[in-house]
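Reading through the structure tokens given below for one structure.
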2 protein chains.
Amino acid sequence: MTIKGKATSLDIAHLAGVSQPTVSRALRGSPMVNAETRERILRIARELNYKVDKNASSLRLRNAGTLALLFFEDPTNDDSLINPFFHSMLGSITRACALHGQDLLVSFQQLSTDWQADYEDSNKADGIILLGYGDYHESRDRLQRLVEQGTHFVRWGAALPGQPGVSIGSDNFQGGHDITTHLLQQGCRRIAFLGHASSHYPEFQERYRGHVAALQEHGLAAEAALQHDAITTEASGQEACQTLLARGEPIDAICAASDLIAIGAMRALREAGLRVPQDVAVTGFDDIPLAASVSPALTTVQQDTKQAGQLLVERLLALIGRQAVDSQSIPVKLVVRESSQRG
Amino acid sequence: MTIKGKATSLDIAHLAGVSQPTVSRALRGSPMVNAETRERILRIARELNYKVDKNASSLRLRNAGTLALLFFEDPTNDDSLINPFFHSMLGSITRACALHGQDLLVSFQQLSTDWQADYEDSNKADGIILLGYGDYHESRDRLQRLVEQGTHFVRWGAALPGQPGVSIGSDNFQGGHDITTHLLQQGCRRIAFLGHASSHYPEFQERYRGHVAALQEHGLAAEAALQHDAITTEASGQEACQTLLARGEPIDAICAASDLIAIGAMRALREAGLRVPQDVAVTGFDDIPLAASVSPALTTVQQDTKQAGQLLVERLLALIGRQAVDSQSIPVKLVVRESSQRG
DNA sequence: CTGAAAGCGCTTACAG
DNA sequence: CTGAAAGCGCTTACAG
């Protein structure tokens with residue numbers, strides 16, 4: 001009680017009349033400690049509000065009980081808000097960490113600069129979760145380097161064969177397929193796809209491939225003129241849609257690669273005096289909270305962020321535990337709302 | 001290179017032909033190391049991808065270079081999303097931490113359970129940032145305990161006299177005052193206030209006090225029938241508005257204590273066949289991203305999250321550095337959009 | 001300018 | 001069941 005500063009296990013040892021290692025054993029629940037002694041030690045520890053020094057114990061155990069979340073943004077993204085989808089991922093990752101008794105270090109990165117991925121090198125974290133879309137080609141080398149360095153990491157994103165490391169991602173192909181099929185069932189035939197469709201953005205590319213597959217199943221061919229690049233921001237979606245309309249290409253639906261793109265596109269349609277869904281049906285991807293609030297409410301593909309967070313954390317912990325771990329894709333769910341429902 | 005596992009400062013010492021302390025001095029930029037020796041050491045460290053072990057150095061320095069963000073939610077809140085306002089705070093806090101070379105531990109808490117505030121006790125963090133609204137009376141005792149334990153912490157929220165610890169918050173009184181004045185200038189006279197107005201929710205209470213002050217300046221008295229409790233969710237705002245309408249109280253404006261409440265209220269108004277702003281003007285508070293996207297766009301009070309994050313981090317670091325630190329309130333800005341503009 | 005020594009607080013073989 | 005000893009990797013007075 002009269003100890004200055006924080007109590008240590010040695011302080012407790014003195015008060016309990018035992019050696020310091022015995023205190024350590026008692027606190028860690030070792031079975032080879034006399035029950036009475038243990039009780040006495042635990043009581044004193046509680047009275048002193050003693051907490052094991054994590055620096056000392058991590059140093060000794062070579063294990064931090066901490067994971068790091070590296071969130072990186074595309075530098076082409078405007079400074080505004082982060083994709084709300086990732087907020088929901090952050091929430092589920094935090095909860096999954098708590099469930100597994102892990103603490104979570106969070107860091108926002110710029111893709112442009114070198115990733116500050118040395119949390120593990122400095123033993124501050126046992127592994128890293130990578131979150132954020134960007135140019136995949138740019139990040140691939142870095143991922144490769146992480147693998148070579150033996151860094152433990154999992155990333156959120158398309159799980160494609162031959163990728164460096166472990167990826168957890170939604171079944172983007174299925175999502176693109178299902179939502180396009182839905183549009184076709186609504187009678188749409190001139191469906192524009194807004195979003196990058198190159199290997200630089202594998203998630204979007206997979207959604208586009210699913211889109212094309214669905215078209216083909218209905219005997220339709222994908223037209224290059226109906227695909228227009230966009231990144232995941234409202235501004236980009238709005239601009240892409242304006243360009244599309246300016247080209248005069250006749251369309252009856254927009255299949256956007258993300259909800260933010262879709263919402264930007266709806267704004268452009270409104271400005272052009274077109275009604276959603278009567279003149280043009282619109283769909284998104286992600287099911288961010290905004291999707292349900294927007295008017296008309298947005299039909300979209302829901303990603304299972306809860307399962308995603310759990311899988312990311314569990315696989316990372318398995319990796320840290322030296323188990324073999326595979327990439328995995330997570331099923332998605334079509335959510336039909338007003339923006340796609342025609343007569 | 002042929003060293004198994006991670007390189008240590010001792011490995012570098014061997015390779016550089018110096019003692020381990022010299023390596024430590026060189027890496028920390030001590031001026032009393034020969035320039036050539038320093039260069040050699042730094043080169044070798046780089047080649048080995050050496051990173052100082054933070055557990056060892058924190059243990060020795062008694063300083064973790066890490067802050068913890070405790071985010072707590074009101075248990076009465078539905079499981080849905082977190083108040084988007086806090087996402088923006090999270091972003092600015094993360095950036096401020098990076099700026100000050102601090103790592104950030106993030107943890108979501110339930111108000112109901114005991115705060116897991118022992119990051120500092122375990123020396124994992126040097127101080128704590130508390131973020132989240134809840135019943136202030138419930139948290140007050142816990143804050144008091146933190147102060148008694150000598151925990152370094154700052155909290156986001158109303159900065160009121162006599163509070164335990166340091167608080168950084170918006171000037172809620174001014175915000176409530178300004179937005180009400182704006183409504184009055186638009187000709188509104190029957191203004192309902194949606195949000196708690198008790199000392200259990202000091203931020204809302206301050207907004208309400210500002211609201212009342214503005215009314216009085218215009219020779220109007222606050223009417224109890226025009227205030228209705230609500231917490232910061234759309235659902236709560238919608239319900240509060242429905243109740244209000246059901247009571248048949250004539251109103252020409254709703255001054256909501258937060259954007260989410262306002263958005264819920266707008267939904268209730270729409271369902272009741274009332275037009276915003278023609279029949280009822282609506283205002284919010286926070287300026288979350290949704291506020292600008294919603295239709296009609298929401299007039300609101302913008303909180304300066306960027307400055308807030310900076311202040312929270314800077315004051316906490318000052319506190320850790322044993323400086324005297326005061327609470328502070330941050331100016332807010334009225335943002336006029338469509339939802340309040342009458343003819 | 002540099003090295004030998006001590007110590008941060010813990011955990012775990014190793015003896016008893 | 002318990003203690004004495006060693007060591008995790010670093011930083012910093014203390015000598016030189």
Side-chain angles (χ1 to χ4, degrees), chain A residues 3-42 44-45 48-66 118-126, chain B residues 3-42 44-45 48-66 118-126:
Chain A
I3 297 154
K4 47 350 203 91
K6 282 170 191 162
T8 69
S9 56
L10 195 59
D11 296 323
I12 298 179
H14 288 327
L15 290 169
V18 295
S19 74
Q20 182 271 329
T22 298
V23 173
S24 180
R25 289 193 192 97
L27 291 169
R28 311 201 86 227
S30 158
M32 38 185 211
V33 171
N34 180 287
E36 270 180 49
T37 313
R38 183 208 319 287
E39 285 315 313
R40 187 152 30 97
I41 290 171
L42 292 182
I44 296 173
L48 295 185
N49 191 36
Y50 169 82
K51 294 287 174 338
V52 172
D53 185 308
K54 291 281 189 180
N55 292 130
S57 103
S58 297
L59 175 60
R60 191 46 239 253
L61 294 171
R62 329 202 53 59
N63 159 324
T66 304
D118 50 9
Y119 285 113
E120 185 171 349
D121 298 323
S122 66
N123 291 325
K124 241 184 139 149
D126 305 316
Chain B
I3 297 155
K4 46 352 202 91
K6 282 169 191 163
T8 69
S9 56
L10 195 59
D11 297 323
I12 298 179
H14 288 326
L15 290 169
V18 296
S19 73
Q20 182 272 328
T22 298
V23 173
S24 179
R25 290 194 192 95
L27 291 169
R28 308 200 91 225
S30 159
M32 39 182 208
V33 171
N34 179 288
E36 271 180 49
T37 314
R38 184 208 316 291
E39 284 316 313
R40 187 151 31 98
I41 291 171
L42 292 182
I44 296 174
L48 295 185
N49 190 36
Y50 170 80
K51 294 289 174 333
V52 172
D53 184 308
K54 290 282 189 178
N55 292 130
S57 103
S58 298
L59 175 60
R60 189 49 237 252
L61 293 170
R62 329 201 55 60
N63 158 323
T66 305
D118 49 10
Y119 285 113
E120 184 171 349
D121 298 323
S122 67
N123 290 324
K124 240 185 139 149
D126 305 316

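Keep in mind it's a predicted model, so treat the numbers as computed, not measured. Protein chains get the first letters and strands the later ones, always in sequence-line order, with residue 1 at the start of each.
Under the Watson-Crick and G-U wobble criteria, each requiring two contacts below 3.5 Å, nucleotide D/dG16 is paired to C/dC1.
Within 4.0 Å of A/T37, counting heavy atoms only, lie sugar-phosphate atoms of the nucleic acid but no base atom. Nucleic acid contact for B/R25: base, since at least one base atom lies under 4.0 Å from a heavy atom of the residue. Nucleic acid contact for A/L59: base, since at least one base atom lies under 4.0 Å from a heavy atom of the residue. Backbone-only contact: B/S9 has heavy atoms under 4.0 Å from sugar-phosphate atoms and none from a base. Using a 4.0 Å heavy-atom distance criterion, A/S57 is classed as a sugar-phosphate-only contact.
Screening B/L27, B/D11, B/I44, B/I41 for a side chain to side chain contact (heavy atoms under 4.5 Å, CB included) involving B/Y50 leaves a single residue, B/L27.
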Handout entry: Full working for side chain to side chain contact (heavy atoms under 4.5 Å, CB included) between B/K54 and A/N123
Key = CA-CA 6 Å; B/K54 290 282 189 178; A/N123 291 325; 5.9 Å; no
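Of the residues near DNA chain C, B/P21 and A/N55, the one whose nearest nucleotide (by heavy atom distance) lies more toward the 5' end is B/P21. When each of B/V18 and A/R60 is assigned the nucleotide of DNA chain C bearing its nearest heavy atom, the one mapping closer to the 5' terminus is B/V18. In terms of position along DNA chain D, the nucleotide closest to B/R28 lies nearer the 5' end than the nucleotide closest to the other residue of the pair B/R28 and B/M32.
Between the side chain of B/D126 and the main chain of B/G65, a donor-acceptor pair closer than 3.5 Å is present. Here the side chain of A/S30 pairs no donor or acceptor atom with the backbone of A/A26 at under 3.5 angstrom.
Closest non-hydrogen pair, B/K6 versus A/E120, comes out as NZ-O, 2.9 Å.
Heavy atoms from other residues, nucleotides or ligands lying under 6.0 Å from NZ of B/K124 number more than 12.
Between D/dG16 and D/dT12, the distance separating the two C1' atoms is 16 Å to the nearest Å.
Protein chain A touches strand DNA chain D; the 5'-most and 3'-most nucleotides with an atom under 4.0 angstrom of its non-hydrogen atoms are D/dC1 to D/dG9.
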